[in-house]
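To keep things clear, I will list the structure first and then write my remarks on it.
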Amino acid sequence: GDFFCKFCMEELSNIYMHCDGCEKLLNKDFNICSNCHKEGKYKVSFYQMHPFSTKRFSVLNHTGNMTQERAARCPCKNGKPCNNCNFCTGCSCKCHQQ
């Protein structure tokens with residue numbers, strides 16, 4: 001479960017990294033070890049957290065590399081503004097990068 005790194009599956013020590021976006025938007029723990037964090041693995045474009053949905057929306061799954069800077073009325077038309085950061089949940093949400 002929650003006490004293993006999402007990427008390398010190693011048991012977490014006392015020092016690990018936690019995604020605030022997964023906590024705030026998904027009410028789930030996304031924990032990774034400090035080595036995988038150092039390698040930037042949290043910046044993956046997608047990590048499925050929802051049990052059924054494979055959609056790349058920040059309100060459904062971990063999305064660590066959204067690089068757009070689009071807010072309301074986003075031309076991608078794939079998401080609404082995030083309630084937390086106000087960027088588009090389909091292409092620009094910054095919550096999973098913290």
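To the nearest 0.5 Å, the span separating CZ on Phe46 from CG on Asn65 amounts to 12.0 Å. The distance from atom SG of Cys22 to atom CG of Asn27, rounded to the nearest 0.5 Å, is 10.5 Å. Atom OG of Ser58 is separated from atom CZ of Phe87 by 11.5 Å, given to the nearest 0.5 angstrom. Atom NZ of Lys38 sits about 10.0 Å away from atom SG of Cys33, to the nearest 0.5 Å. Atoms SG and CZ, on Cys91 and Phe57 in that order, are 10.0 Å from each other to the nearest 0.5 Å. Between the NZ atom in Lys6 and the CG atom in Leu12 there is a gap of 10.0 Å [rounded to 0.5 Å].
Although no hydrogens or angles enter the test, the distance criterion places no donor-acceptor pair under 3.5 Å between the side chain of Tyr42 and the main chain of Cys36. Judged purely by atom type and a 3.5 angstrom limit, Gln97 uses its side chain to pair as donor or acceptor with the backbone of Met66. In this structure, the side chain of Lys94 engages the main chain of Ser92 through a donor-acceptor pair within 3.5 Å.
When the shell of 6.0 Å around CG of Asn83 is examined, it contains 12 or fewer heavy atoms from other residues, nucleotides or ligands. Residue Lys55 qualifies as open at atom NZ: its count of foreign heavy atoms under 6.0 Å is 12 or below.
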**Study point:** CA sep, side-chain torsions, deciding dist, call: Cys95, Cys82, side chain to side chain contact (heavy atoms under 4.5 Å, CB included)
**Key:** CA-CA 9 Å; Cys95 294; Cys82 174; 3.7 Å; yes
Check your understanding: Could you walk me through whether Arg70 and Cys76 pass the side chain to side chain contact (heavy atoms under 4.5 Å, CB included) check?
Key -> CA-CA 9 Å; Arg70 298 175 178 158; Cys76 84; 3.9 Å; yes
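Neither side chain, Asn61 nor His50, offers a donor N or O lying under 3.5 Å from an acceptor on the other.
A continuous path of hydrophobic side-chain contacts links Ile32 to Val44 [ILVMFWY only; heavy atoms under 4.5 Å]. Met49 is connected to Met17 through a chain of hydrophobic side-chain contacts under 4.5 Å among Ile, Leu, Val, Met, Phe, Trp and Tyr, so both are in one cluster.
Between Leu25 and Cys93, some side-chain heavy-atom pair lies under the 4.5 Å cut-off.
Between Phe30 and Phe7, the ring-plane angle classifies as perpendicular under the 30° and 60° cut-offs. Using bins of under 30°, 30° to 60° and over 60° for the plane-to-plane angle, the ring pair His96/His62 lands in the perpendicular bin.
The side-chain contact (heavy atoms from CB on, under 4.5 Å) check on Lys43 picks up nothing, with sequence neighbours excluded.
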